[in-house]
S.K.: 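One structure coming up, written as C-alpha cells, with questions to follow.
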Amino acid sequence: MSKNTPKAIRGTQDIFGADAESFAFVVETFERVRKLYRFRRAEFPVFEKTEVFARSLGETTDVVSKEMYSFEDRGGDSLTLRPEFTAGIARAYLSNGWQQHAPLKIATHGPLFRYERPQKGRYRQFHQIDAEIIGAGEPQADVELLAMADHLLKELGIEGVTLHLNTLGDAASRDAWRAGLIDYFGAVRGELSEDSQERLDKNPLRILDSKDPRDKAFLADAPKIDAFLSNEALAFFDSVTKGLDAAGVKWKRAEALVRGLDYYRHTAFEFIPDEGSEAAKALGAQSTILGGGRYDGLMESLGGPDTPAVGWAAGIERLTMLVGERNQEPVELAVIPLGKDEELKAIEVAQSLRLSHFATELFVRGNMKKRFNRADQAGAKAAIIIGADELASGLLQFKDLKTGEQTALSLDAIIERSWDLRFADDMEAMDDQLSELEQEVRALGEQD
RNA sequence: GCGAUCGUAGUUCAGUUGGUUAGAACGCCGGCUUGUGAUGCCGGAGGUCGCGGGUUCAAGUCCCGUCGAUCGCCCCA
C-alpha cells in the first residue's frame, strides 16, 4: 500500500466476509421476527437538527455534551449525525402526525455516530436495530416489546444472556429517588471516587453501578427506588413482570440498573451476558447488547403532546460477535467451458440456470484442473461442462461432483436434475436436524 | 477525555545481544503435451518493516513524536 493511499476514518469499519455474513444474518433475523410481532418497517434521516438530540437526550449527558458529530450546513443550521434512534423517531412521529396510527409499532435499523474512543464492540460509526411502540401507555406494550427482544436473541442462537430489569418509576418517583440519592451520597461526597463526585452533580443514578471500590462501600445502604415508587408506578411494574412471566421471558431484577439518557421513565432494561459466559468473553468490556426502556416524557420535551412510548435498540456489531462465523452460501452449479470458443455458450447457460433460481458461477480461469478445483472449493453440487462436442450436439455434460457420475443432458434435463440434487441435500439437512433434536430430547429425558 | 500493550508480504506470523540482498505458511498468478476436481508437482509476482524524526559506522530491532488497533477506566448498543 502506497503512502498516499487513504485510510478509513478512526472508529469506522469496512465489514466483509464472515463478519458481513453475520451482520446480514442479524438484520435478516430481526426483519423476520419483527413481522411476527407486526412492527412496521420505517426509515429515518441519518441527520437531524442538533436540537432534536440536545433537547430530548439531556444537555448534560455524555452523548450530547461530548460525543455528537455536529456541524453547520451551508445554510447556517446546526445539524447532527444521529447518535441514537429514539429522538429522531419521536421527531418524525410528531412532524408527520403519526398520532393517527397510535399505538404505532415501528422497527428500523441503520448507522449511528458517536465520537468515542474506539474499542472492541465500540465504534464511531456503529449500527443498531431498533424497535419502538409509540402512543401506548399500557404495561402490555413493555411486555410485548421485551418478548420480541427475547425472541430475537433466541432466533439468533445467542445464549448466556439475561434480561436485567428495573423500574425508574414515574416522573415524581424518579425525582424523589434522585433527590434521596443526592442527599445520601452528598453526605459522604469526599470519600467517593472522582468520577462519582462528578456524577453526583450530573447523573447521581449512575453512581449505583460504579465499579470503583471507594464507591462500592456505600452502595448497599443507598436508597432504593422501591421506597420512592408511587402506588401507580408499583402497580405498573408489577403488571410488566407478571406479563413477562406469562410470556415465558426470563428476567432478573436489577435495582442498580439506570439508563444514561434523561428521557427514561418506568421500565428500564438491558440484556447482559452472564458473568463468565462465552458471550461475555466475546464482548470484552462492552456488556450491554440490547437496552432500552419507557420514555413517556420525551415527546413533551420536543414540544409535542403527552405521548407514552417504549423502545429498545441493540448493537448489530455486538450481536454479530455473538452469532458466530457465518460463511457465504455455497455455489450450487458450476458452469465450465473448455476453452474460449465455448465461453459465450457458457454465459448463456449460466444465465438460464440463475433465472431458474440456482446459485451459479462460471469458471473460466486457469486450466481444467484449476477450474474443477475452484468449483469444488466453492461447494458446487454439480458442474456443467461445455466443449466443442457439446456445442455441436446441443447436449451438455452434467457431472455430479459428489459421485463423479457424468451424463450428456439437455438444458431442461439439467435443470430438472439440479432440482433433484437440491431436494436431496435439503432432505439430508433436515434428517440431520431431526436426529440432533432427537438426541437433545433423549438427553433431557435422562436428566429427569 | 485518562492509563497500558501492540503495529513486518493480501492474511496469520517468524526475524537471535542492533550487523550484508527481510523469511515461512496460506492465499494469488502461470505451467505440469491444453476434455475433468476434491491430499500432487514445478515456477512466479508481492514488503521503502504504520508514518515522521533522532541515536549509531550500521536500525525491522534502541529513543521521541504521530496515526491506528487492542485491553482497562469513562460512557453506551
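In what follows, chains carry the letters A, B, and so on, assigned in the order in which the sequence lines appear, proteins first and then strands, with residues in each chain numbered from 1. Note that the structure is predicted; figures quoted are calculated from it, not measured.
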S.K.: Between K66(A) and Q128(A), who's closer to the 5' end of RNA chain B by nearest nucleotide?
M.R.: K66(A)
S.K.: Is there a donor N/O on one and an acceptor N/O on the other, under 3.5 Å, for the side chain of R117(A) and the base of G3(B)?
M.R.: yes
S.K.: Rounded to whole angstrom, note down the P distance from U56(B) over to G7(B).
M.R.: 26 Å
S.K.: Applying ring pair (Phe, Tyr, Trp, His ring centres under 6.0 Å) as the test, list every pair that has at least one member in residues 277-297 of chain A; sequence neighbours left out.
M.R.: Y263(A)-Y295(A)
S.K.: For residues 400-430 of chain A, which residue pairs pass the ring pair (Phe, Tyr, Trp, His ring centres under 6.0 Å) check, not counting sequence neighbours?
M.R.: F358(A)-W419(A)
S.K.: Ignoring hydrogens and angles, are the base of C74(B) and the side chain of R122(A) linked by a donor-acceptor pair under 3.5 Å?
M.R.: yes
S.K.: Over how many whole Å does the gap from E343(A) atom CD to U34(B) atom P extend?
M.R.: 19 Å
S.K.: In terms of the nearest nucleotide of RNA chain B, which residue is placed more toward the 5' end: E317(A) or K402(A)?
M.R.: K402(A)
S.K.: Side-chain atoms of residues 113-121 of chain A: list all donor-acceptor pairs with protein atoms under 3.5 Å, sequence neighbours left out, distances to 0.1 Å.
M.R.:
{"unit_1": "R114(A)", "atom_1": "NH1", "unit_2": "P83(A)", "atom_2": "O", "d": "2.4"}
{"unit_1": "Q119(A)", "atom_1": "OE1", "unit_2": "Q286(A)", "atom_2": "NE2", "d": "2.9"}

S.K.: Round to a whole Å and report the spacing from CG of D195(A) to P of C73(B).
M.R.: 11 Å
S.K.: Give the nucleotide from the list G37(B), U36(B), G72(B) with an atom nearest to the side chain of Q406(A).
M.R.: U36(B)
S.K.: Please determine whether a side-chain nitrogen of the Lys or Arg among K154(A) and D150(A) lies less than 4.0 Å from a carboxylate oxygen of the Asp or Glu.
M.R.: yes
S.K.: With a non-hydrogen cut-off below 4.0 angstrom, is N367(A) in contact with a base, only sugar-phosphate, or nothing?
M.R.: base
S.K.: Looking at the side chain of F126(A), which of G35(B), G37(B), A77(B) is the nearest nucleotide?
M.R.: A77(B)
S.K.: Measure the distance between the ring centre of F372(A) and the centre of the six-membered base ring of A38(B), then answer whether it is under 5.5 Å with planes under 30°.
M.R.: no
S.K.: Scan G339(A) against the nucleic acid and name what it touches under 4.0 Å (heavy atoms): base, sugar-phosphate only, or nothing.
M.R.: nothing
S.K.: Whole-Å distance between A77(B) P and I289(A) CD1?
M.R.: 13 Å
S.K.: With a 6.0 Å cut-off (strictly less than), is the heavy-atom count around OH of Y69(A), excluding the residue itself, greater than 12?
M.R.: yes
S.K.: Can you tell me, in whole Å, how much space there is between the P of G40(B) and that of G27(B)?
M.R.: 9 Å
S.K.: Please determine if a side-chain N or O atom of R10(A) lies less than 4.0 Å away from the OP1 or OP2 oxygen of G68(B).
M.R.: yes
S.K.: Under 6.0 Å between ring centres, would you say that holds for F23(A) and H127(A)?
M.R.: yes
S.K.: Report, as yes or no, whether the 6.0 Å neighbourhood of atom CG on D431(A) holds more than 12 heavy atoms from other residues, nucleotides or ligands.
M.R.: yes
S.K.: Rounding to a whole Å, what distance do you find between M368(A):CE and G30(B):P?
M.R.: 15 Å
S.K.: Among C74(B), A77(B), G35(B), find the nucleotide with the atom closest to the side chain of R318(A).
M.R.: A77(B)
S.K.: I need the CD-P distance between Q119(A) and A77(B), as an integer number of Å.
M.R.: 15 Å
S.K.: Looking only at atom P, what distance separates U21(B) and A58(B), rounded to whole Å?
M.R.: 14 Å
S.K.: Determine the Euclidean distance between corresponding P atoms of A22(B) and A38(B); express it in Å to zero decimal places.
M.R.: 37 Å
S.K.: Given G35(B), A77(B), C74(B), which nucleotide is nearest the side-chain atoms of R114(A)?
M.R.: A77(B)
S.K.: Determine: side-chain N/O of R124(A) to OP1/OP2 of A69(B), distance under 4.0 Å, yes or no.
M.R.: no
S.K.: Heavy atoms under 4.0 Å, any strand shown: does Q397(A) hit a base, just sugar-phosphate, or nothing?
M.R.: base
S.K.: Atom CG of D341(A) and atom P of U34(B): how far apart are they, to the nearest Å?
M.R.: 16 Å
S.K.: Which nucleotide, C71(B), G35(B), G37(B), lies nearest any side-chain atom of D389(A)?
M.R.: G35(B)
S.K.: For G15(B) versus U34(B), give the span between their P atoms, rounded off to a whole number of Å.
M.R.: 46 Å
S.K.: So does R365(A) get a side-chain nitrogen or oxygen closer than 4.0 Å to the phosphate oxygens (OP1/OP2) of C29(B)?
M.R.: yes
S.K.: What does the 5'-to-3' dot-bracket notation of RNA chain B look like when only Watson-Crick and G-U wobble pairs under 3.5 Å count, and pairs to other strands show as |?
M.R.: (((((((..((((.....[...)))).(((((.......))))).....(((((..]....))))))))))))....
S.K.: Report each atom pair, protein N/O against N/O of nucleotides 41-43 of chain B, whose distance is under 3.5 angstrom.
M.R.:
none

S.K.: Checking contacts here: which listed nucleotide (C74(B), C29(B), A77(B)) is nearest the side-chain heavy atoms of R199(A)?
M.R.: C74(B)
S.K.: Please list, chain by chain and in numerical order, all residues satisfying ring pair (Phe, Tyr, Trp, His ring centres under 6.0 Å) with F398(A), sequence neighbours excluded.
M.R.: none
S.K.: Do the side chain of E67(A) and the base of G1(B) come within less than 3.5 angstrom through a donor-acceptor pair of N or O atoms?
M.R.: no
S.K.: NA contact type, A313(A), heavy-atom cut-off 4.0 Å: base, sugar-phosphate, or nothing?
M.R.: sugar-phosphate
S.K.: Distance check, P atoms only: U55(B) and C63(B), in whole angstrom units.
M.R.: 15 Å
S.K.: Please classify the nucleic acid contact of L338(A) as base, sugar-phosphate, or nothing, using heavy-atom distances under 4.0 Å.
M.R.: base
S.K.: Out of curiosity, D425(A) CG to D420(A) CG, how far, rounded to the nearest 0.5 Å?
M.R.: 11.0 Å
S.K.: How many Å lie between CG on N373(A) and C1' on U36(B), as a whole number?
M.R.: 11 Å
S.K.: Side chain of R174(A), backbone of L168(A): donor and acceptor closer than 3.5 Å?
M.R.: no
S.K.: Of the candidate nucleotides U36(B), A38(B), C74(B), which contains the atom at the shortest distance from the side chain of D376(A)?
M.R.: A38(B)
S.K.: Reckon G17(A) touches a base, only the sugar-phosphate, or nothing at all at heavy-atom distances under 4.0 Å?
M.R.: nothing
S.K.: For a quick check of understanding: with a heavy-atom distance under 4.0 Å over all strands, which category does G292(A) fall into, base, sugar-phosphate or nothing?
M.R.: nothing
S.K.: Quick check: any donor-acceptor pair below 3.5 Å linking the side-chain of K120(A) to the base of U70(B)?
M.R.: no
S.K.: Do H151(A) and Y37(A) pass the ring-ring contact (aromatic ring centres under 6.0 Å, His included) test, and can you show the C-alpha distance, the side-chain angles, and the key distance before you say yes or no?
M.R.: CA-CA 10 Å; H151(A) 188 166; Y37(A) 290 77; 5.6 Å; yes
S.K.: Any side-chain N or O of K369(A) less than 4.0 Å from the OP1 or OP2 oxygen of A38(B)?
M.R.: yes
S.K.: I'd like to know if D62(A) pairs up with K202(A) as an ion pair, taking the criterion as any Lys NZ or Arg NE/NH1/NH2 lying under 4.0 Å from an Asp or Glu carboxylate oxygen.
M.R.: yes
S.K.: Please report, rounded to the nearest Å, how far the C1' atom of C75(B) is from the CD atom of E84(A).
M.R.: 14 Å
S.K.: Work out how far the C1' atom of C51(B) is from that of C67(B), and round it to whole angstrom.
M.R.: 7 Å
S.K.: Between G19(B) and U33(B), how far apart are the P atoms? Round to whole Å, please.
M.R.: 46 Å
S.K.: Contact class for Q13(A) (heavy atom, under 4.0 Å): base, sugar-phosphate, or nothing?
M.R.: nothing
S.K.: Please work out which of the three classes, parallel, tilted or perpendicular, describes the rings of F47(A) and F71(A), given edges at 30° and 60°.
M.R.: tilted
S.K.: Tell me whether E300(A) at atom CD has more than 12 heavy atoms from other residues, nucleotides or ligands lying less than 6.0 Å away.
M.R.: yes
